[in-house]
Amino acid sequence: MTSSSHPESALFYNDTDVDFSWEEALEPSSGYLYLVDQDQLTVVTFANGFFTPNLFTDWPGLPHGQSWTHVRNVTDQYVEGREYGLRQVNVNTSPP
């Protein structure tokens, strides 16, 4: 998983709007579930995630601190697939 707005996952960025992209899943796929939160261990599901048929998304207004982007494959039978991606994002909203 990559981000053109926040390319280095270990660095802090002042921009609270982030974009993400990922490569197509190896197994047949109807899309992806994604979620951004502050818990590295979250499992994204239909109940808490957002569906996209695309290989990219954006998330506006991240809070100060460390967040995690979770992506999960949705099979061609619309069943939750495996955890597909996890990426750390750091945002600094404090003034200099």
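- Between T42 and N48 the shortest side-chain heavy-atom distance falls below 4.5 Å.
- Counting only heavy atoms from C-beta outward, the side chains of T69 and V89 approach each other to under 4.5 Å.
- Annotation: Y32 is in aromatic contact with W22 [ring centroid separation under 6.0 Å].
- With values rounded to the nearest 0.5 angstrom, H6 atom NE2 is found 9.5 Å from S67 atom OG.
- To the nearest 0.5 Å, atom OG of residue S30 and atom OH of residue Y78 are 4.5 Å apart.
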Candidate pair R87 and S3, rule side chain to side chain contact (heavy atoms under 4.5 Å, CB included), full reasoning: CA-CA 9 Å; R87 190 170 194 286; S3 172; 3.9 Å; yes
Derivation and outcome, side chain to side chain contact (heavy atoms under 4.5 Å, CB included), residues Q40 and Q66: CA-CA 9 Å; Q40 180 181 7; Q66 185 180 72; over 6 Å; no
Using side-chain hydrogen bond (donor to acceptor under 3.5 Å, both in side chains), reason through D37 and H70 one step at a time and then give a plain yes or no. CA-CA 8 Å; D37 67 7; H70 311 268; 2.8 Å; yes
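- Judged purely by atom type and a 3.5 angstrom limit, S9 has no side-chain atom pairing as donor or acceptor with the backbone of Q88.
- Here E83 pairs with nothing under the salt bridge (Lys or Arg N to Asp or Glu O under 4.0 Å) rule; sequence neighbours left out.
- Between R72 and V43, the closest side-chain pair of non-hydrogen atoms falls below 4.5 Å.
- Taken from CH2 in W68 to CG in L35, the straight-line distance is 13.5 Å, to the nearest 0.5 Å.
- Side-chain atoms of E23 and L55, non-hydrogen and from C-beta on, never get closer than 4.5 Å to each other.
- Side chains of V71 and M1 form a contact here, defined as non-hydrogen atoms less than 4.5 Å apart.
- S5 and D17 get closest at one heavy-atom pair: OG-O, 3.9 Å.
- Contact check for E8 versus N90: no side-chain heavy atoms found under the 4.5 Å cut-off.
- In terms of heavy atoms, T75 sits closest to G81 at CG2-CA, 4.2 Å.
- Using a 4.5 Å cut-off between side-chain heavy atoms of Ile, Leu, Val, Met, Phe, Trp and Tyr, with links allowed through other members, F50 and L86 fall into different hydrophobic clusters.
- The aromatic rings of Y34 and W59 sit perpendicular, their planes meeting at an angle over 60°, well past the 30° parallel limit.
- You'll find the side chain of T45 reaches within 4.5 Å of the side chain of E80, heavy atoms only.
- Within 6.0 Å of atom CG in L11, more than 12 heavy atoms from other residues, nucleotides or ligands are found, so the atom counts as buried in its surroundings.
- Cluster membership check: Y84 shares its hydrophobic cluster with F51, using side-chain heavy-atom separations under 4.5 Å among Ile, Leu, Val, Met, Phe, Trp and Tyr.
- For the residue pair T2/S21, the side-chain donor-acceptor check at 3.5 Å is satisfied.
- A 4.5 Å side-chain heavy-atom check between V18 and D58 finds every atom pair outside the cut-off.
- In this structure, OG1 in T57 is found 8.5 Å from CZ in F20, a value given to the nearest 0.5 Å.
- Taking CG of N92 as the reference point, atom CG of D15 lies at 12.0 Å (rounded to 0.5 Å).
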